[in-house]
Amino acid sequence: MMYPDQEISKIPEKSATATAAALLPLSGAVVLDVGCGMGALTCFLAECGAEASGIDPNEARIATAREQARDEELEVTFYEGVGEALPFEDGEFDIVIFSNSLHHVPTDQIPTALAEAHRVLCEEGLLYVMEPVPGGSYFDVGRPINDETDIRTNAYEQVKALGGNGFIELKEVFSSTPRRYRDFSDFRQKYLARNSHRADLFAGQAGEMEKLFDQLATPATGGFVLDGAIRVNLLQKDI
């Protein structure tokens, strides 16, 4: 299912890292984090006992990821590269993860990236795809400047097509990931901290986004909550 069968606010809350730890046998596993960004999840995988590597096309993010691993005294290897051309041997990994990254692969290259994941997985290796659900009040407030409905839908359809085509689908799991803010100014600061390149777009749509925030944010202790959710598709390489 592209969307959960219940309201996002009623789904059990669980962070992306907690969800990964609950679903994956990380201890001792050789794991690749594709589109690792600044390495937060990759380092978490190492903390859970995995032999973790991360790859990302952005040189600056990889530099930050390496620095974080050094600061945390973790043995993590980071590479600059893309999911559609993985620089690894066949069958090298027990688990390949796309965490909030598959929909950022160019649309026409997603099948290639998934084929590469299949190639570098060992027999009966696991493919773990986590994507934000394009719905909920957090998504709706950001929609005026960042409507990713189409690209997230395409990524989901490509993953669902893998069942019977090199993979066996094991699970589809949703977790609620609410976000808490003091007010709209706090939302703006945190939103742009994650996406600073959208500052000009935000400035142009700030009035509309503040109106949506006021309409959709739920009052809570210390401020407001915007609902969101992630979906995980867990598949196994078919031998």
Would you check, one step at a time, whether the test side chain to side chain contact (heavy atoms under 4.5 Å, CB included) holds for Arg66 with Arg61? CA-CA 9 Å; Arg66 288 174 176 149; Arg61 289 195 293 259; over 6 Å; no

Say whether [X] and [Y] are linked into one hydrophobic cluster, either directly or through other cluster members, by side-chain heavy-atom distances under 4.5 angstrom.
X	Y	answer
Phe98	Leu126	no
Leu127	Val173	no
Ile55	Val120	yes
Val129	Leu162	yes
Ile230	Tyr128	yes

Tell me whether [X] contacts the main-chain N or O of [Y] through its side chain, where contact means a donor paired with an acceptor under 3.5 Å.
X	Y	answer
Arg119	Leu86	yes
Ser196	Leu192	no
Arg179	Gly228	no

Could you tabulate the donor-acceptor pairs under 3.5 Å formed by side-chain atoms of residues 34-45, not counting sequence neighbours?
residue	atom	partner	partner atom	Å
Thr42	OG1	Asp33	OD2	2.7

Can you measure from [atom1] ([X]) to [atom2] ([Y]) and round to the nearest 0.5 angstrom?
X	Y	atom1	atom2	result
Asp94	Glu124	CG	CD	11.5 Å
Ile145	Met209	CD1	CE	4.0 Å
Glu51	Phe93	CD	CZ	8.5 Å
Leu216	Ser137	CG	OG	6.0 Å
Asn100	Glu131	CG	CD	6.0 Å
His103	Ile151	NE2	CD1	5.0 Å

Is any side-chain heavy atom of [X] less than 4.5 Å from a side-chain heavy atom of [Y]?
X	Y	result
Asp140	Leu212	no
Gln158	Pro111	yes
Pro134	Met2	yes
Arg231	Tyr156	yes
Arg143	Glu208	no
Asn233	Glu169	yes
Leu121	Leu32	no

What are the two closest non-hydrogen atoms of [X] and [Y], and how far apart are they?
X	Y	value
Arg180	Val225	CG-CG2, 3.7 Å
Cys122	Lys237	O-CD, 3.3 Å
Ile62	Tyr79	CD1-O, 3.2 Å

Taking the ring of Phe184 and the ring of Phe224, is the distance between their centroids below 6.0 Å? no

Quick one: do Ile95 and Leu24 satisfy side chain to side chain contact (heavy atoms under 4.5 Å, CB included)? Show the steps, please. CA-CA 8 Å; Ile95 302 169; Leu24 293 172; 4.1 Å; yes

Quiz question: by atom type and distance under 3.5 Å, do the side chains of [X] and [Y] form a donor-acceptor pair?
X	Y	value
Asn154	Arg152	no
Thr17	Ser15	yes
Thr77	Ser53	no

Working note: Gln236 + Phe167, criterion side chain to side chain contact (heavy atoms under 4.5 Å, CB included); need CA distance, chi angles, decisive distance, verdict. CA-CA 5 Å; Gln236 185 176 57; Phe167 286 95; 5.8 Å; no

Leu102, Val105, Leu235, Asn165 screened by side-chain contact (heavy atoms from CB on, under 4.5 Å) with Leu114, the one that passes: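 Exactly one pass, corresponding to Leu102.
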
Could I get the full list of side-chain hydrogen bond (donor to acceptor under 3.5 Å, both in side chains) partners for Gln68, not counting sequence neighbours?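 Partners of Gln68 under the side-chain hydrogen bond (donor to acceptor under 3.5 Å, both in side chains) test: Glu72.
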
Should Glu210 and Arg188 be marked as a salt bridge (charged side-chain N to carboxylate O under 4.0 Å, His left out) after you check the CA-CA gap, both sets of side-chain angles, and the distance that decides it? CA-CA 9 Å; Glu210 184 169 12; Arg188 172 168 29 200; 5.8 Å; no

Apply side chain to side chain contact (heavy atoms under 4.5 Å, CB included) to Asp227 and Phe139, showing your working. CA-CA 8 Å; Asp227 292 327; Phe139 181 81; over 6 Å; no

In terms of ring plane angle, is the pair Tyr181 and Tyr138 parallel, tilted or perpendicular, where the classes change at 30° and 60°? parallel

Look at the aromatic rings of Phe202 and Phe187 and report parallel, tilted or perpendicular, splitting at 30° and 60°.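 It falls in the tilted class, 30° to 60°.
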
